Amino acid sequence: MYLCWLHVFAFYYLKYARIVIYKSIYLKYQRLKGFIAVLCGFNSRITGKSIYQIFKMNNQISKLAGISSASTRVIAGLMSGTSLDGLDIALCEFSGSGLNTRLKVLHFITFPYKEAFKEQLKSISFKGQVSLQQVTLLNALIGTYSAELILEALKKWDYPVDAVDLIASHGQTIFHAPFSLHQQIPFPDATLQIGDGDHIAVKTGIITLSDFRQKHIAAGGEGAPLAVYGDYLLFSSPDENRILLNIGGISNFTYLPAGRDANHVFSTDVGPGNTMMDQFIQLHYPGKYYDQDAAVAKTGKVNEALVAALMDNDFFADPFPRTTGPELFNIAYLRAAQKQSGQEALAPEDILASLCEFTARSIIAAIRTSIGDQPFAVYLSGGGMHNPLLVDKLTAGLGFELRNTTALGINPDAKEAVLFALLANECVAGGDTDFGARQGIPSVTMGKISLPY
Ligand SMILES: Nc1ncnc2c1ncn2[C@@H]1O[C@H](COP(=O)(O)OP(=O)(O)OP(=O)(O)O)[C@@H](O)[C@H]1O
Ligand SMILES: CC(=O)N[C@H]1[C@@H]2OC[C@@H](O2)[C@@H](O)[C@@H]1O[C@H](C)C(=O)O
C-alpha cells in the first residue's frame, strides 16, 4: 500500500517537474530565436545602438519574432459559427507557410454552449435592434469564456499552456452586413464579431490573434468566406478539381481547380445551410435545437410551391461571389415565402422537409452554375454533413457520392477552427502568398494581435 502511494507521488512529481523544466527551457529558446530573428532583420546595419535597442525590446514582441521564425508553431484555432451551438477548439502544429504549409491536428474538442448562454447570444445576434449594453457585456464575457475553455481543453489533453505559441479566435459573428444586404449609401461592406482578443491573451498568457474579418473588408473583400485561404493552401490538388463544401448555419464552398492556379480559385457563400431548419425547429418543437438525423423532416413531404417561393429572392440572382447570414435567412424569410406561395397552413414536418430541400437545391444550383460541366469531387464539412436527408438530396442532385474532408486528412467538424489557426500562421509567419486576382479574395494577412502582458 505504502509503495503504491509512493508510486503515485513520484508519478505526479515527475510530471509537474517535466512541465516546469520544459516551460523554462522553451521560453528561453523562444526569446533566443526572437533575438536572432530581430538581429537578422537589421541586416548589414547592426550597430551598438541597434543591439542595445534589441535588448530593450518588449519581451512579447521578441517572443513573437521567435514564434515567427521558428520551424514549427503550435496554434489553437477557435471557431463558433452562426449556429450558436458551441465553441470548436483545434490544437494544430504548423511548419512552413503559404503553399509549403504542413499541418498536424494534435487535438480537437467542441464545447457545447449551455441553453442560457445560447439564449443570450440569440438575443443580440442577426437583428437590427438589440441592447447595446448586452453587446458590450457579451464582448467581454465571450473573450473570458473562450479563455476558460482553452485552458480547460489544454488541461484535458494534458498539454502545457506554455507550449502553445498562439491562439487564433474567430469570435462570435453577431451581424454580417455586406453592401448587397444593407444597401445603404455611403456605408461599405461591414461585419461584426465579438469576444475580445485581449481578454483571451491576458487570461491564458498566450499571444492571441482575433477579429480576422475587418482587414479582409478593408482590402476589398466582404469579410467572408475566409475558408478559401486555408482551402487553397491545404487542399488544392495538381490533378483533381475539388469543391470544399461547408454546411454550417450558412453554406459556402471553395472551388479549387486542378493545378493550384490561384487565379482560378473561387469561393462564395451559397445561402442557408442549417440555419432555417434550426430556427424553425427551435420555434415549433420546444426542447429541440436542431432536427437530429432529419428525424422530423423525413416524416414530411416537400411542398414544391413553398420551395419555389423560397428560391425566389434577389440574393440567388446576385453574381458570385456573395456572402450572407441569418440576417436574411430567418423565420421572417420563411413566413414571407409561405404567404407568397399560399402555404401558410402547411404542417410543420412538411415545412421542415421543404426547408431541407431548399438548402439542397440552392447548393446544387450554385455549384452547377459556377462550375459548369467539368468533373469535380466534393468534400464536405460542417454540421450539415451529419444530416442524412440533406446529404441524400445532394448526392441525388449532383449524381455522385460526396466525400468529406477526412479523405484529405482533416476532421470535417474541426475544419473551420483549423482554418483560423492557419490564418494566424499566415499572419505571423507567412504573408507573401499570392491568392490571385479574383474578386473577393484579396491577398492579405488577417488578425489583430493581442499581447498577454
Ligand atoms: N446529426 C445531425 N443531424 C442533423 N443536423 C445536424 C446533425 N449534427 C449537426 N447538425 C446540424 O449542424 C449544425 C451545426 O453546424 P456547424 O457547427 O458546422 O455550424 P456553424 O459552424 O455554427 O455554422 P457556420 O459555419 O455557418 O457559421 C447544427 O445546428 C445542426 O443543424
Ligand atoms: C460573417 C460570418 O461569420 N460568416 C460565416 C458564416 O458561416 C459560414 C459562412 O457564413 C461563411 O461566410 C463564414 O464563415 C466561414 C468560416 C468563412 O469565413 O469561410
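Because only heavy atoms are used, hydrogens play no part in the values below, and waters and symmetry mates are left out as well, while side chains stay in. This structure is a prediction, so every number in the text was calculated from the model and none was measured. By convention here, the first residue in the shown sequence is residue 1.
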Quick check: closest heavy atoms across [X] and [Y], and the distance to 0.1 Å?
X: N404; Y: M385; answer: ND2-CE, 3.8 Å
X: R368; Y: G397; answer: NH2-O, 4.4 Å
X: I371; Y: F376; answer: CG2-CD2, 3.8 Å
X: T101; Y: G98; answer: OG1-O, 2.5 Å
X: S131; Y: I124; answer: O-CG2, 4.3 Å
X: V265; Y: I441; answer: O-CD1, 3.9 Å

Taking [X] for its side chain and [Y] for its backbone only, find out whether a donor-acceptor pair lies under 3.5 Å.
X: R73; Y: I67; answer: yes
X: T395; Y: E401; answer: no
X: D165; Y: V74; answer: yes
X: N330; Y: P326; answer: yes

Problem - Value rounded to 0.5 Å, distance of CG in N263 from CG in D434 - result: 6.5 Å
Fill in the blank from the handout: Between H386 and the options D293, V391, D413, the side-chain contact (heavy atoms from CB on, under 4.5 Å) test singles out D413
Any non-hydrogen side-chain atom of [X] less than 4.5 Å from a side-chain atom of [Y]?
X: H176; Y: E327; value: yes
X: Y290; Y: N274; value: no
X: V296; Y: K288; value: yes

Could you tell me whether the side chains of [X] and [Y] share a donor-acceptor contact shorter than 3.5 Å?
X: Y333; Y: Q279; result: no
X: E426; Y: T445; result: no
X: S97; Y: N425; result: no
X: E349; Y: T299; result: no

Test: [X] and [Y] ion pair at under 4.0 Å:
X: K298; Y: D291; value: no
X: D211; Y: K448; value: yes
X: E152; Y: K155; value: no
X: K393; Y: E357; value: yes

Exercise for the section: Show the numbers, then the answer: is there a side-chain contact (heavy atoms from CB on, under 4.5 Å) between F235 and I410? Expected result: CA-CA 10 Å; F235 305 125; I410 301 282; 3.6 Å; yes
Whether over 12 other heavy atoms sit under 6.0 Å from [X] [atom1]:
X: H264; atom1: NE2; value: no
X: E240; atom1: CD; value: yes
X: K104; atom1: NZ; value: no

Practice task
Measure the acute angle between the ring planes of H216 and Y229, then classify it against the limits of 30° and 60° as parallel, tilted or perpendicular.
Solution key: perpendicular
Problem - Full working for ring-ring contact (aromatic ring centres under 6.0 Å, His included) between Y145 and F117 - result: CA-CA 11 Å; Y145 188 38; F117 187 58; 5.1 Å; yes
Practice task
Report yes if the distance between the aromatic ring centroids of F329 and F126 is under 6.0 Å, otherwise no.
Solution key: no
Exercise for the section: Establish, yes or no, whether a centroid distance under 6.0 Å links the rings of F320 and F266. Expected result: yes
Practice task
Test L121 against I142 for side-chain contact (heavy atoms from CB on, under 4.5 Å), laying out the working first.
Solution key: CA-CA 10 Å; L121 290 180; I142 293 170; 3.7 Å; yes
